[in-house]
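Excluded from the calculations below are hydrogen atoms, water molecules and symmetry mates; all remaining heavy atoms, backbone and side chain alike, are included.
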Amino acid sequence: DTGVSQDPRHKITKRGQNVTFRCDPISEHNRLYWYRQTLGQGPEFLTYFQNEAQLEKSRLLSDRFSAERPKGSFSTLEIQRTEQGDSAMYLCASSLEGVGGYTFGSGTRLTVV
Amino acid sequence: DAKTTQPNSMESNEEEPVHLPCNHSTISGTDYIHWYRQLPSQGPEYVIHGLTSNVNNRMASLAIAEDRKSSTLILHRATLRDAAVYYCILESLADYGGSQGNLIFGKGTKLSVKP
């Protein structure tokens, strides 16, 4: 297993465009999380899935953001009508329910120009 | 708001032990103490976690105060590869006993290691 994979690693987009990121978790992990990290800050929780069910969403997840995990495996995070304030590193993590320790991916760095 | 307090930065010499402190005075009985570290341009990496007893693994040791209001991450021999931001995080368990998956990161401690 190669760990948590995120694609793309970097994305530059113009303000107002839509972007979609993909996360492939560790195959046996049933939980998947999305975090956002801006420069100089720690990661901030956005949302998490247990299998295909989205169980919790942060207030940070505005209506322009949507996350899916249709088959309980990979997940996508879409941002519609991007704004400059969306520029950040978007991190995905996965874990096995009931077991401590989350495995993070290397993130997707989004730059909105 | 982060529920833990850590120094902004610390320095260490290579091959010497490092003690990274964390205060969590409002910890509740079902909060686990987690430590993660983050190297530049990487996602956070799990280091260690514990509840009440001290814990050891191949990466580090975690010393938890008897009242659980503070903890210390111990790197026994710092190497240049240990230079990173270290986060101390409380993970709350929901009433049903399951994690809510919401790790609250603070700004962490930036550890510099001098050769």
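Counting only heavy atoms from C-beta outward, the side chains of B/P44 and A/P43 approach each other to under 4.5 Å. Looking at heavy atoms from C-beta onward, B/F105 lies in side-chain contact with A/Y35 at the 4.5 angstrom threshold.
Counting heavy atoms of neighbouring residues, nucleotides and ligands inside a 6.0 Å radius, atom CD of A/E78 exceeds 12 of them. Remark: A/R9 CZ is packed, more than 12 non-hydrogen atoms of other residues, nucleotides or ligands lying under 6.0 Å away. A/L39 CG: 12 or fewer foreign heavy atoms inside a 6.0 Å radius. Counting heavy-atom neighbours within 6.0 Å of B/N8 CG, excluding the residue itself, gives a total of 12 or less. In the displayed structure, A/I12 atom CD1 is contacted under 6.0 Å by at most 12 heavy atoms of other residues, nucleotides or ligands. In the displayed structure, B/R77 atom CZ is contacted under 6.0 Å by at most 12 heavy atoms of other residues, nucleotides or ligands.
Only the side chain of A/Q37 comes within less than 4.5 Å of a heavy atom of chain B; its backbone N, CA, C and O stay farther away. For chain A, no part of B/E45 is nearby; none of its heavy atoms comes within less than 4.5 Å. In this structure, no portion of A/R109 lies under 4.5 Å from any heavy atom of chain B.
Ring-plane geometry between B/Y36 and A/Y102 is classed as tilted, the angle between the planes lying from 30 to 60 degrees on a 0 to 90 degree scale.
Between B/Q42 and A/S106, the shortest heavy-atom distance links the atoms OE1-OG, 3.4 Å.
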| said: I'd like to know whether A/Y33 forms a side chain to side chain contact (heavy atoms under 4.5 Å, CB included) with B/L103, so could you lay out the CA-CA distance, the side-chain angles of the two residues, the decisive distance to 0.1 Å, and finally the verdict. | reply: CA-CA 10 Å; A/Y33 314 83; B/L103 296 180; over 6 Å; no
